[in-house]
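This report concerns only the one structure given below.
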Amino acid sequence: MSVNRRDVVKSVIALGATAAGARTAAADNSLSLLDASIPHSDAVGGMLLTVEDYERAARARIDPTAWEYIASGAADELTLRSNVDSFRALRLVPHQLRDVSHVTTDVTLLGHTLSHPILLAPTACHKLAHPDGEVGTARGARLADTGMVLSSYSTVPVDRVAEEKPPLFWFQLYVQERGYTTDLVKRAVRSGATAIAVTIDTPVSGARNRQQRANFKFPENLPHISGNAPEHPLVWKDLEWIRDAAGGVPVLLKGILHPDDVEPALKAGAAGLMVSNHGGRNLDTCVATIDALPAIVAQVRGRVPVLVDGGIRRGTDVLKALARGASAVMIGRPYVYGLAVNGADGVKSVVDILRAELVMAMQLTGCASVPRIDSSILGATA
Ligand code: FNR
């Protein structure tokens, strides 16, 4: 079913944006709120207006075993759910009558200016979602004007993905044997990765019971996976040789949750921190990321950027993360759903939806730019 423009306008207005407000925001962000709402219809003709719509449509397209891998969390999935629920429970207290006729969502991260703060988190094996795999994701990142962090578990070699030139291209590192890992970091940097994000929350993976029940197996011969375990699980000291291998390219740490880990991280030379619990896929019952964020931000005191991921499904979630001090956010499952539904265009649509919702939420809370977003718009937790 094609979605006609009048219906879309109606639905955007129903979401709460005035047509004039939508046009102004669109002009300032090179993004049409209306276009962001048109993207596609699903197999049974439903409109794809929200991340949840994409999730439903993706489920109908993805092989059921792969679905269990992508959508599931660890053990009883309490953290998977609380990542989402903790965002939802946080209440906003809007400022009124501030001038929001010109809204800008620009952010600067490690010297790169991006037109909005919604990046693509590293997720494994994109060919499970779409035959274009990570090439489709990189094209989607370009279309959506966003950054992409390529997983070590990519199904496409890093140099091939880099050719698609996403506006910001970082490589996520799972540390394997030292020699192999050193070569891998150098290869990623040679290919054009402008930062390395070392995942620190996976000395072992979590109790992936849904994956076990579905008998999920990773594809064989992934281009950056040796199949051999590291000599020992990663410890702080290893960051020295990883930074050496990166040869001056910034190294960020992904998976920080405890404020006590901030000083060792900065002492080890981390150029940025990603507050993450791996999308609830490792340690079940661990803290929701939006709840872990304030203590990390307080400890960092602006010395390096702090990103957060896990449970972001609405533009209001992005706003709340920024209000709690995040420099930017990353999404995981949502863009994989977009990729499954419509390749690169689907990735773009999901980012556009969140971006349009963020602009709307900024206007509705009286925040005309990212620096104007602060904790004053946060109320109680429901
Ligand atoms: C992940 N994540 C992940 N993280 C990482 O550092 N390396 C990886 O290879 C993967 N692979 C991966 C696969 C799939 C299918 C998912 C869903 C997640 C975690 C990812 O980077 C991110 O932390 C979460 O996905 C964020 O949570 P949401 O947005 O999915 O709720």
Side-chain angles (χ1 to χ4, degrees), residues 74 79 83 86 108-112 119 121-122 147 149 151-152 170-182 184-186 188-189 193-206 229-310 321-322 324-330 332:
T79 297
N83 275 350
S86 295
T108 301
L109 268 185
L110 299 177
H112 300 267
L119 280 69
V149 189
S151 166
S152 281
W170 294 351
F171 185 77
Q172 176 268 329
L173 182 69
Y174 275 130
V175 174
Q176 304 165 66
E177 322 92 286
R178 185 155 166 177
Y180 183 91
T181 306
T182 303
L184 178 57
V185 170
K186 290 186 171 162
V189 171
T194 55
I196 302 293
V198 183
T199 295
I200 60 169
D201 61 11
T202 315
V204 294
S205 71
E231 287 84 359
H232 59 81
L234 191 63
V235 289
W236 289 115
K237 203 166 160 26
D238 292 315
L239 294 170
E240 276 171 32
W241 63 262
I242 296 170
R243 285 182 62 218
D244 280 351
V249 161
V251 171
L252 294 88
L253 300 183
K254 174 173 183 283
I256 197 149
L257 289 169
H258 203 300
D260 290 356
D261 287 344
V262 167
E263 290 311 322
L266 298 189
K267 216 165 121 211
L273 299 177
M274 296 167 164
V275 175
S276 175
N277 55 30
H278 219 100
R281 299 164 75 81
N282 278 348
L283 177 66
D284 197 24
T285 74
C286 88
V287 60
T289 49
I290 187 63
D291 294 330
L293 179 63
I296 304 281
V297 167
Q299 189 63 39
V300 168
R301 297 192 303 278
R303 287 174 285 174
V304 295
V306 178
L307 290 85
V308 65
D309 72 23
L322 298 174
R324 283 200 162 169
S327 316
V329 305
M330 299 193 295

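Nothing here was measured: the structure is a model prediction, and the numbers come from that model. Keep in mind that the numbers below use all heavy atoms, side chains included, and drop hydrogens, waters and symmetry copies. Along the sequence shown, the residues carry numbers beginning at 1.
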Discussion item. Rounded at 0.5 Å granularity, tell me how far OG1 in Thr199 sits from CG in Leu253.
Written reply: 9.5 Å
Discussion item. Could you tell me if the side chain of Val189 sits less than 4.5 Å from the side chain of Phe171, heavy atoms only?
Written reply: no
Fill in: Straight-line distance of Leu257 CG to Ile296 CD1, nearest 0.5 Å
6.5 Å
Worksheet item: Can you tell me if His258 uses its side chain to pair, donor with acceptor, with the backbone of Asp260 under 3.5 Å?
Response: yes
Worksheet item: Where the side chain of Thr79 meets the backbone of Cys286, is there a donor-acceptor pair that is under 3.5 Å apart?
Response: yes
Worksheet item: Can you find a heavy atom in the side chain of Met274 that is under 4.5 Å from one in the side chain of Val308?
Response: no
Item to complete: Can you see which heavy atom on Ala265 is nearest to which on Trp236, and at what distance?
Response: CA-CZ3, 3.6 Å
Practice prompt. Name all residues meeting the salt bridge (Lys or Arg N to Asp or Glu O under 4.0 Å) criterion together with Glu177; count only those two or more places apart in sequence or in a different chain, and write none if there are none.
Written response: none
Practice prompt. Indicate the atoms forming the closest heavy-atom contact of Pro305 with Ala271, along with that distance.
Written response: CD-O, 3.3 Å
Item to complete: Identify the residue among Asn83, Asp201, Asn282 that makes a side chain to side chain donor-acceptor pair (under 3.5 Å) with Asn277.
Response: Asn83
Fill in: Side-chain donor or acceptor of Ser276 paired with backbone N/O of His278 under 3.5 Å
yes
Fill in: Heavy-atom pair of closest approach, residues Gln299 and Pro259
CG-O, 3.6 Å
Discussion item. I'd like to know if the side chain of Thr181 pairs up with that of Gln176 as donor and acceptor (distance under 3.5 Å, no hydrogens or angles considered).
Written reply: no
Worksheet item: Are the side chains of Leu273 and Leu307 in touch, meaning some heavy atoms are under 4.5 Å apart?
Response: no
Worksheet entry | Closest non-hydrogen atom pair, Tyr174 against Ser152 | N-OG, 3.0 Å
Discussion item. Quick one: does any side-chain atom of Arg301 pair with a main-chain N or O of Ala298 as donor and acceptor, under 3.5 Å?
Written reply: no
Distance-only check: which donor-acceptor pairs under 3.5 Å involve side-chain atoms of residues 287-295, not counting sequence neighbours?
| from | atom 1 | to | atom 2 | distance (Å) |
| --- | --- | --- | --- | --- |
| Thr289 | OG1 | Asp309 | O | 2.9 |
| Thr289 | OG1 | Gly310 | O | 3.3 |
| Asp291 | OD2 | Ser86 | OG | 3.1 |

Practice prompt. Measure across Ala188 and Ile196 and return the closest heavy-atom pair with its distance rounded to 0.1 Å.
Written response: CB-CD1, 4.2 Å
Discussion item. How long is the straight-line distance from CH2 of Trp170 back to NZ of Lys254, given to the nearest 0.5 Å?
Written reply: 12.5 Å
Worksheet entry | Minimal non-hydrogen separation, Ala326 against Val297, with atom names | N-CG2, 4.5 Å
Worksheet item: What distance separates Ser205 OG from Leu283 CG, expressed to the nearest 0.5 Å?
Response: 12.0 Å
Under 3.5 Å, which donor-acceptor pairs link side chains of residues 241-252 to any protein atom two or more places apart or in another chain?
| from | atom 1 | to | atom 2 | distance (Å) |
| --- | --- | --- | --- | --- |
| Trp241 | NE1 | Asp238 | OD1 | 3.1 |
| Arg243 | NH1 | Ala268 | O | 3.4 |

